[in-house]
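Only heavy atoms go into these numbers, but all of them, side chains included; no hydrogens, no water, no symmetry mates. Atoms within a ligand are numbered from 1 in the order they appear, just like the ligands themselves.
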Amino acid sequence: MIWNKQKECIPRSQMKEWQNKKLKETVNTVYHNVPYYRKKMQKKNIKPSDITGLSDLKKLPFTTKEDLRNNYPYNLFAVPLSQIIRVHASSGTTGKPTVVGYTREDIATWSEVVARTLHCAAIGKDDFIQIAYGYGLFTGGLGIHYGSEKAGSTVIPVSGGNTAKQIQLLKDFGSTAIACTPSYALYLAEALQKEGINPADLELEIGILGAEPWTDSMRSEIEKKLQIKAYDIYGLSEIIGPGVASECHEQQGLHINEDHFLPEIIDPETKEVLTEGDKGELVFSTITKKGLPLLRYRTKDLTHLNYNKCACGRTLVRMEKCLGRSDDMLIIRGVNVFPSQIESVLLKMSETKPHYQLIVDRENNLDILEVQVEVKNHFFSDEIKELEKLKSRIKKNLENTLGLSAKIKLVEPQTLKRSTGKSQRVIDRRELK
Ligand code: DLL
């Protein structure tokens, strides 16, 4: 099933022509409408007329999450706010999230690329899709929602969590497809087993899973336990949300919707563009976005690109499944977490010392974050009741900043291992096998 043959199977030469044209338009727009980009380009001595097409892409400045934070919330938008009809924010961080905005045309583009994602996974008009990604500021829920409506599927907008309800809907509403994170898919499978429900008795056939890294062996486990075919879908809020890239039935990489999102691979250290096939950091320039066009956005996700035509007929470039990042961002239960955010919460509290360790594990297929932190001497000698109070204060502060609950373990001063070189703050025991 191909949603938009004209675009998804376009000859490469025509794709390049389109990208050349759209890139030039985008550069022109951001130069004139976004002061931040104008300054960045002026600093590099570049005018829009210097960008004649793809071959000049490398002259353009990069954009990072930091740039979005520095322009919080709306300063990178390229249209008047009256034209923005929706905002979302990157998962995690209730402190200063990265805010993204969409015009009506952007929402239409988003629906189009998500409809392609669905068709890639053979989800269409006859399907009932249970959307168990979170709705709200996260892009997962509403992104898949609009795309599913565009594809003509019947949407069951249950949102994330509430496993008892998910199971009831799977049984009663006859969901044929589910959209959720891969770890939640596994959790759901175990919950079904506990309830004594055989997935083979359900209508469920397909999962479109993403928002976090997962391996092929995890795929096999999900497919076996849920009795479905599981597809990897990739995206990030800064670029649009879900709908950036997705697997077709061949499952030989994820097709990037490159008529909208232009990919490059760079060396994260030198920032040089790498040659085709080399593994490095994925960078995107949006070439059709109106509300928040971004030039050379550094995703920090590591992958490589394959420009060969796929057996499915699509000519869209494919990216290899993403399993690593070039920074220290953790994805815990679909929420993006930087160790530095945790550190800043702990440093603000007078009772704790700046010595901490984060342990990430997976219990019953759910990610668990444990924060171990040293408590100052005189607090540690306090009575248990006081320590319990301190624990819940830390827990609450972390929850407010991360949007995620963590287990807190208070330890005596000088008990966490010190390092002589780079400190190893994170122990990630979730084996991505
Ligand atoms: O996670 C958007 C999304 C929603 C994608 C639903 C797929 C399904 P953010 O919260 O901005 O957006 O997080 C983006 O998540 O840079 C990757 O590190 C990671 N990520 C997303 N999809 C995948 C995937 C959404 N399929 C960040 N495999 C990205 C590996 C993924 N990592």
Side-chain angles (χ1 to χ4, degrees), residues 63-65 68-69 87-94 97-100 102 110 113-114 116-118 120-121 123 129-148 159-160 177-185 207-216 218-219 222 230-247 251 253-257 261 263 268 281-284 286 292 294 297-304 318-338 367 402-404 430 432:
T63 310
T64 61
K65 227 183 208 335
L68 273 99
R69 292 214 174 107
V87 290
H88 280 281
S90 176
S91 56
T93 57
T94 47
T98 43
V99 179
V100 295
Y102 304 76
W110 196 8
V113 289
V114 172
R116 292 184 194 174
T117 290
L118 263 72
C120 262
I123 301 171
I129 177 161
Q130 183 159 330
I131 303 180
Y133 285 118
Y135 281 60
L137 290 186
F138 180 50
T139 53
L142 280 168
I144 303 290
H145 185 114
Y146 275 59
S148 304
S159 190
I178 187 158
C180 62
T181 58
S183 49
Y184 190 68
I208 47 169
L209 316 178
E212 65 186 11
W214 55 305
T215 57
D216 278 329
M218 183 149 166
R219 186 206 306 271
I222 294 170
Y231 292 85
D232 190 6
I233 69 169
Y234 168 90
L236 59 163
S237 37
E238 292 84 349
I239 298 306
I240 204 151
V244 174
S246 57
E247 278 181 336
Q251 301 194 315
L254 289 81
H255 289 284
I256 297 176
N257 287 306
F261 321 115
E281 181 184 328
L282 183 61
V283 169
F284 281 113
T286 66
L292 180 65
L294 293 182
Y297 182 74
R298 293 188 58 181
T299 66
K300 308 286 169 118
D301 293 315
L302 300 174
T303 186
H304 63 76
R318 281 168 285 165
M319 59 184 255
E320 188 203 30
K321 219 172 176 359
C322 272
L323 289 179
R325 289 183 54 90
S326 65
D327 65 5
D328 58 354
M329 186 178 95
L330 296 160
I331 303 180
I332 301 173
R333 274 176 268 145
V335 178
N336 304 343
V337 176
F338 286 95
D367 296 338
L402 306 176
L404 183 82
R430 299 171 294 183
L432 277 179

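- Ion pairing between Glu247 and Arg219 holds under the 4.0 Å rule for side-chain N and carboxylate O.
- Put simply, the side chain of Phe138 does not reach to within 4.5 Å of the side chain of Ser237, judged on heavy atoms.
- Using a 4.5 Å cut-off on side-chain heavy atoms (C-beta onward), Glu238 and Phe284 make no contact.
- When side chains are defined from C-beta on, Ser326 counts as touching Glu281, because their heavy atoms get closer than 4.5 Å.
- Taking only non-hydrogen atoms, the option from Thr117, Asp232, Asn336 nearest to atom 9 (P) of ligand 1 is Asn336.
- Of all the heavy atoms of Ile331, the ones lying under 4.0 Å from any atom of ligand 1 belong exclusively to the side chain.
- Contact annotation for Asp301 and ligand 1: only side-chain heavy atoms (C-beta onward) come within less than 4.0 Å of the ligand.
- In this structure the side chain of Met218 never reaches within 4.5 angstrom of the side chain of Leu209, judged on heavy atoms.
- Some N or O of Ile233 is nearer than 3.5 Å to an N or O of ligand 1, by distance alone.
- Which parts of ligand 1 touch Cys322 is read off a 4.0 Å heavy-atom cut-off, strictly below it: atoms 28 (N), 30 (C).
- With distances taken over non-hydrogen atoms, the option nearest atom 14 (C) of ligand 1 out of Gly324, Ser237, Gly235 is Gly235.
- Two residues are said to be in side-chain contact when any heavy atoms from C-beta on lie closer than 4.5 Å; Tyr234 and Lys321 fail this criterion.
- Every N/O-N/O distance between Tyr133 and ligand 1 stays at or above 3.5 Å.
- Heavy-atom contacts of Gly140 reach the following atoms of ligand 1: 4 (C), 6 (C) (cutoff under 4.0 Å).
- For Glu212, a nitrogen or oxygen atom sits less than 3.5 Å from a nitrogen or oxygen atom of ligand 1, counting backbone and side chain alike.
- Every atom of ligand 1 is numbered from 1 in the order shown, and the set under 4.0 Å from a heavy atom of Arg325 is 16 (O), 18 (O).
- The side chain of Thr139, and not its backbone, has at least one atom closer than 4.0 Å to an atom of ligand 1 (non-hydrogen atoms only; side chain from C-beta on).
- Remark: ligand 1 and Ala211 share an N or O pair separated by less than 3.5 Å (distance only, no angle test).
- Using a 4.5 Å heavy-atom cutoff, the side chains of Ser246 and Ile208 are not in contact.
- Annotation: Tyr146, atom OH; neighbour count of heavy atoms from other residues, nucleotides and ligands within 6.0 Å does not exceed 12.
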